[in-house]
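Numbers restart at 1 for each chain; the letters A, B, ... are given by sequence-line order, proteins then strands.
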Amino acid sequence: MNTMTSRIWSWLVLLVAIIYFGLPLLGTFEFSLRMLRGTYSFEAYRVVLADPQFQATFGYSLLMACATIVMGVVLVVPTAYWVRLKLPHWRPIIEFITLLPLVIPAIVIVFGYIRLYNTSSWLPLTGTAWSTDLLMVCGYTTLALPYLYRAVDTGLRSLDIATLTEAAESLGASKFTLIWRIILPNVSVAILSGAFLTFAIVIGEFVLAALLNRPAFGPYMQLMGANRAYEPAALAVIAFALTWLCMGLIQLVNRRQRHLAVPQHR
Amino acid sequence: MNTMTSRIWSWLVLLVAIIYFGLPLLGTFEFSLRMLRGTYSFEAYRVVLADPQFQATFGYSLLMACATIVMGVVLVVPTAYWVRLKLPHWRPIIEFITLLPLVIPAIVIVFGYIRLYNTSSWLPLTGTAWSTDLLMVCGYTTLALPYLYRAVDTGLRSLDIATLTEAAESLGASKFTLIWRIILPNVSVAILSGAFLTFAIVIGEFVLAALLNRPAFGPYMQLMGANRAYEPAALAVIAFALTWLCMGLIQLVNRRQRHLAVPQHR
Amino acid sequence: MAFLELEHLHKHYATQTVVQDFNLNVEQGEFISFLGPSGCGKTTVLRMIAGFETPSAGQIRIDGHDVVRLKPNQRNIGMVFQSYALFPNLTVAQNIGFGLSVARQPKTQIKQTVQEMLALIKLADLGERYPFQLSGGQQQRVALARALAIQPKVLLLDEPLSALDAKIRVALREDIRAIQRSLGITTIFVTHDQEEALSISDRIVVMNQGHIEQVDTPLAIYNQPSTRFVASFVGALNILNATVSAPEQGMLQIENQTLQLQQPLPHPMGTTIQLALRPEALSLTPKENTDQTLVGQVQQVQFLGSVLRVQLKAGAQNLVLDQFNQPQLIPIQVGQTLKVYFASNQVLLLGAG
Amino acid sequence: MAFLELEHLHKHYATQTVVQDFNLNVEQGEFISFLGPSGCGKTTVLRMIAGFETPSAGQIRIDGHDVVRLKPNQRNIGMVFQSYALFPNLTVAQNIGFGLSVARQPKTQIKQTVQEMLALIKLADLGERYPFQLSGGQQQRVALARALAIQPKVLLLDEPLSALDAKIRVALREDIRAIQRSLGITTIFVTHDQEEALSISDRIVVMNQGHIEQVDTPLAIYNQPSTRFVASFVGALNILNATVSAPEQGMLQIENQTLQLQQPLPHPMGTTIQLALRPEALSLTPKENTDQTLVGQVQQVQFLGSVLRVQLKAGAQNLVLDQFNQPQLIPIQVGQTLKVYFASNQVLLLGAG
């Protein structure tokens with residue numbers, strides 16, 4: 001086929017990507033370097049990273065993110081497996097449920113949670129710090145569900161779930177053994193990419209943390225954004241760099257897992 | 001297999017869904033009915049729907065959503081097609097680009113846009129209302145890209161793009177004819193579901209509209225939320241009902257498009 | 001008492017019956033094939049034995065024990081699938097050892113069994129490979145080894161060769177048979193390919209629309225088909241309409257040509273009955289036992305490699321003849337009239353049509 | 001000047017050569033098969049003719065015009081794919097009419113052509129169905145009609161029968177051949193199945209590792225293979241090591257048994273050469289032209305339906321014999337010693353081994 005047209009398209013895609021994402025990012029980055037008047041410097045970054053508030057809130061959100069990922073994986077992997085195996089007609093419904101968080105604004109969820117689990121309710125989860133954290137992890141899991149479910153479901157698609165299940169059963173394995181030793185390792189890349197997104201969501205989340213009044217990174221960012229000029233730009237760039245790091249790691253894992261590759265035809 | 005275990009799992013999934021989504025929603029709904037003291041009524045809904053501000057902002061956001069969907073489809077369908085056909089090794093990169101908006105907070109994008117296209121820049125897009133709208137549609141397209149691209153890409157997965165392309169070419173068709181007459185109709189369901197998500201995102205979006213100072217539905221909701229008690233709850237319920245409507249429509253279309261079904265094995 | 005007993009097995013789903021009144025006794029060490037067109041229920045019976053489907057009615061006994069209520073992972077049955085179904089994240093050795101590791105056998109024991117199995121399937125050096133690094137034929141060998149490693153009571157093979165190329169298919173089926181013989185394992189092999197079933201089996205179960213048409217040895221299935229379905233499904237067949245002219249003498253008329261079978265016919269004079277003749281039972285040259293002839297006009301000559309297939313027309317009726325290709329044969333011309341010889345004891349009577 | 005001319009076609013990718021110096025002239029109306037194992041480059045040549053691949057060097061002329069620089073949609077070539085590649089959103093009639101509609105033919109004209117095509121593929125009533133409502137065989141017929149509707153100069157078929165069941169495969173290949181004959185369309189058919197190629201083609205191009213091994217009629221390919229690859233790829237073959245004992249008289253020793261071929265041998269006395277014999281050239285009973293014999297011991301008897309395959313061992317050498325199944329044959333026992341008859345003119349000389 002015409003490689004010329006192919007080239008032009010490739011460049012067009014790149015151009016769109018640059019205009020859409022590159023330029024704003026570049027603008028932000030350039031701005032973040034101008035904290036010291038008249039010269040480019042990393043002063044903004046130094047200030048941000050040295051702030052004990054930054055370290056505390058980031059650490060807290062990191063912890064929340066990990067808890068969310070664990071809870072999400074435990075919920076999602078068996079569910080996605082089971083839906084594919086036994087309830088294929090349920091898939092549209094499940095898919096719909098996992099999309100709800102995108103559609104119902106986070107504020108509705110929080111609003112509902114606070115009404116349901118406040119100190120005077122039958123399950124006063126907002127009473128203590130640890131139970132509020134638990135509530136928050138539940139909320140974050142809700143927010144992360146669509147990405148995690150979709151990622152895992154896509155990962156499962158490349159497996160012949162039904163036959164692998166039967167093969168494992170005929171060899172004497174239980175469902176638990178199967179999920180732990182066969183399914184989980186085979187969707188590990190999918191889980192990783194879902195986990196990375198979960199991480200990004202939890203780190204940046206503001207509404208839930210603010211309303212439940214927990215010391216998370218989102219409110220801290222918002223505070224900085226409202227009161228400072230250069231630091232938020234630096235924070236955005238840091239977040240972006242973290243993202244690239246994660247992506248790089250995922251690519252690396254991907255390359256090692258080439259046994260999932262579909263055989264090639266000529 | 002054991003239908004008992006299957007049943008238990010089904011109920012468990014349902015239970016989780018109810019606890020996560022149902023209860024908060026129900027709480028919100030119940031609250032929205034209590035505008036008139038001592039009795040349940042739809043007063044909050046009447047007030048909301050009668051508000052001319054509601055009608056104006058909702059109409060404006062509706063228009064923006066449609067423009068975003070059109071722009072998104074025109075960008076995404078040929079790109080996704082081309083990437084699948086010619087640049088399979090580009091897929092991880094493209095996938096990464098489409099994920100960026102989830103990770104880079106909207107505020108960074110807007111911040112960059114305003115710096116780049118303000119009235120004193122080389123392309124003063126924020127100068128007039130219509131060019132600001134254009135900028136906003138671009139921004140929304142960016143936000144909607146991940147969902148739209150993933151949906152279309154998933155839709156394309158069930159087609160043997162390479163062979164269909166060759167078949168069409170051997171029959172004398174150009175690439176444009178192929179995309180218009182074969183690819184687009186075959187991913188129409190995927191586009192619809194992507195469009196629905198785009199719609200939901202644009203209707204609820206706040207940051208972009210507020211910073212560009214356009215009369216959209218998001219800022220209106222925020223305003224109501226800050227100043228009223230019962231109306232925001234009513235708005236959330238309305239948004240949810242709209243969602244269900246869209247989902248119902250998609251299911252309907254899905255059922256008509258059964259020729260995309262994968263043949264079943266026994 | 002047979003080793004594997006299937007009694008009055010039924011299976012129906014909401015709207016349709018897929019298996020009805022299936023009865024079969026399999027002796028220990030026997031190699032049985034289920035043969036039939038797709039949708040005939042052969043795979044469903046196999047899956048009921050494995051435990052992946054629950055019979056609507058009937059009994060399944062292995063070695064005297066009823067297994068219907070046992071879960072698949074309690075039945076100790078080896079299963080090989082059409083799609084290989086190897087675990088993609090495990091090496092070949094780990095795949096083969098999976099069942100033993102699940103059963104918590106000691107590691108040294110597992111290692112030894114895996115080595116034996118690898119030697120058995122002639123892939124001793126490939127233990128550390130991953131499934132995606134193997135060819136289809138090799139993957140299926142590994143799947144076979146994996147199923148055999150747990151020393152199952154019964155080995156079930158669900159169209160294991162369908163996904164493979166023709167030459168590999170033939171080689172692997174011979175290997176499967178040899179391994180089965182050497183281990184003496186009771187085996188059920190599901191296939192829609194008649195040559196596969198005929199070449200590999202001790203006995204064949206021919207199925208159609210959920211019921212058994214015939215259970216017999218390959219030779220008997222081919223040479224004495226008991227139903228019209230078996231006759232036409234297994235092997236190619238010429239079906240001829242003939243009119244009985246003298247039942248006691250076994251005399252028939254086909255398009256004004258007379259045949260005389262060596263047996264009286266149970267039909268009154270004037271009845272139209274159907275005869276069947278295998279293409280390879282016909283010959284263009286007389287042989288010692290060919291006591292019957294038919295004359296026809298050549299419609300088409302097809303060269304299939306080892307076989308030359310001649311399509312003739314006798315009046316309104318089609319006749320296909322197979323003969324081995326021999327370079328010195330005189331070429332046959334389309335339109336030519338030829339005499340076809342055959343033995344009366346090779347005629348299958350299909351009854352009044 | 002031939003209708004389709006391929007001259008010195010080469011195709012290489014970065015690291016490997018997939019087609020080298022491919023030369024072929026195809027006459028108008030000819031039916032040519034490309035036969036070879038997977039990866040031999042046969043599909044690549046087809047795709048170069050269609051325009052989906054660009055040759056690294058060489059020329060492709062159709063009806064005298066060089067088409068190498070034309071895009072696929074300018075070449076007017078009909079293509080049928082293994083996976084059918086029907087457009088899932090169009091009905092059968094719309095699929096068949098797609099090429100005409102792209103060419104902006106008037107609607108009445110399109111409708112008429114579609115009707116003719118539907119009649120040609122014997123699916124006249126199914127025009128309003130969608131592809132997913134058809135069986136595999138029907139879908140492939142529609143794909144054929146779609147390719148023929150645009151009245152292409154050349155019809156290219158890329159393993160069109162590989163995805164179908166055995167019986168449908170045979171029926172459809174005969175239909176394809178009949179349609180091709182009736183339209184007189186120049187056709188290239190790619191396959192890895194030798195029986196398919198032998199039964200359907202005017203000429204066969206046997207390919208191996210990117211080059212042509214032999215181009216000839218099916219009979220010549222089978223009976224006079226010009227290379228060892230062709231001999232062993234097309235049909236089954238016994239290969240025997242023999243020692244030349246008297247070159248002028250054509251005398252050979254195989255495991256202490258003497259053969260005498262009817263031709264002098266171009267090898268000195270004492271040379272070890274390889275002979276090839278088709279399994280169907282061997283017989284258990286003497287025939288008029290069987291002037292040679294070998295004695296062997298029965299290793300295995302396989303019943304394949306119409307054919308009974310006997311595997312013998314003569315000393316250290318394996319010998320496979322095919323004979324038609326006949327019910328009255330005396331059963332052959334494993335271990336039995338048998339005499340095998342064959343004609344010296346059926347022996348293929350493969351040269352010094």
Side-chain angles (χ1 to χ4, degrees), chain C residues 37-38 162 165-167 170 173-174 177-178 192-201 204 217-224 232-236 278-283 285 287-289 300-309 311 322-329 331 342-343 345-346 348, chain D residues 37-38 162 165-167 170 173-174 177-178 192-201 217-224 232-237 278-283 285 287-289 300-309 311 322-329 331 342-343 345-346 348:
Chain C
S38 59
S162 300
D165 282 351
K167 295 219 168 187
V170 172
R173 87 178 174 215
E174 290 177 10
R177 183 54 161 151
H192 63 265
D193 181 342
Q194 44 125 341
E195 186 187 302
E196 228 164 77
L198 291 170
S199 65
I200 207 174
S201 319
I204 296 175
T217 63
L219 267 167
I221 293 278
Y222 192 83
N223 292 331
Q224 292 116 34
S232 59
F233 186 76
V234 181
R278 302 277 181 201
E280 73 272 14
L282 303 176
S283 168
T285 49
K287 294 185 181 158
E288 45 181 309
N289 56 353
Q300 203 187 348
V301 181
Q302 273 185 304
F303 179 55
L304 306 179
S306 62
V307 165
L308 203 67
R309 178 163 293 169
Q311 295 186 13
D322 280 356
Q323 62 174 343
F324 279 134
N325 161 52
Q326 292 188 305
Q328 70 275 22
L329 279 181
F342 59 95
N345 63 358
Q346 294 214 17
L348 301 171
Chain D
S38 60
S162 301
D165 281 351
K167 296 220 164 183
V170 171
R173 88 179 175 215
E174 291 177 9
R177 182 54 159 149
H192 63 267
D193 181 341
Q194 43 124 341
E195 186 189 301
E196 229 164 77
L198 291 170
S199 65
I200 207 174
S201 320
T217 62
L219 267 167
I221 293 276
Y222 193 85
N223 291 331
Q224 292 115 34
S232 59
F233 186 76
V234 181
L237 213 60
R278 301 277 181 201
E280 73 272 13
L282 304 175
S283 169
T285 51
K287 292 186 183 155
E288 45 182 312
N289 56 354
Q300 202 185 351
V301 182
Q302 273 184 305
F303 178 54
L304 307 179
S306 60
V307 165
L308 203 67
R309 177 163 294 168
Q311 296 187 17
D322 279 356
Q323 64 174 341
F324 279 134
N325 161 52
Q326 291 189 305
Q328 69 276 21
L329 281 179
F342 58 96
N345 63 359
Q346 295 214 17
L348 300 170

Measure the spacing between CZ of D:R309 and CD of C:E195 and express it to the nearest 0.5 Å.
7.0 Å
For the atom pair NZ (D:K287) and NZ (C:K287), what is the distance rounded to the nearest 0.5 Å?
5.5 Å
Rounded to the nearest 0.5 Å, what's the gap from CG on C:L308 to OG on D:S199? Could you check?
11.5 Å
Part of C:Q311 within contact of chain D (heavy atom distance under 4.5 Å):
side chain
Can you say whether D:D193 sits under 4.5 Å from chain C via the side chain, the backbone, both, or neither, judging by heavy atoms?
neither
In terms of the angle between their ring planes, are D:Y222 and C:F303 parallel, tilted or perpendicular, with boundaries placed at 30° and 60°?
perpendicular
Atom pair CZ (C:F324) and CD (D:Q323), whose distance is rounded to the nearest 0.5 Å:
8.0 Å
With only heavy atoms counted, which part of D:E174 is less than 4.5 Å from chain C, the side chain, the backbone, both or neither?
side chain
For D:V307 and C:V307, run side-chain contact (heavy atoms from CB on, under 4.5 Å): C-alpha distance rounded to whole Å, both residues' side-chain angles, the deciding distance at 0.1 Å, then the answer.
CA-CA 10 Å; D:V307 165; C:V307 165; 5.6 Å; no
When rounded to the nearest 0.5 angstrom, what is the spacing between CG in C:L304 and CD1 in D:I200?
11.5 Å
Got a second to check how far D:L198's CG is from C:Q302's CD, nearest 0.5 Å?
11.0 Å
Region of D:E280 in contact with chain C, defined by heavy-atom distances below 4.5 Å
both
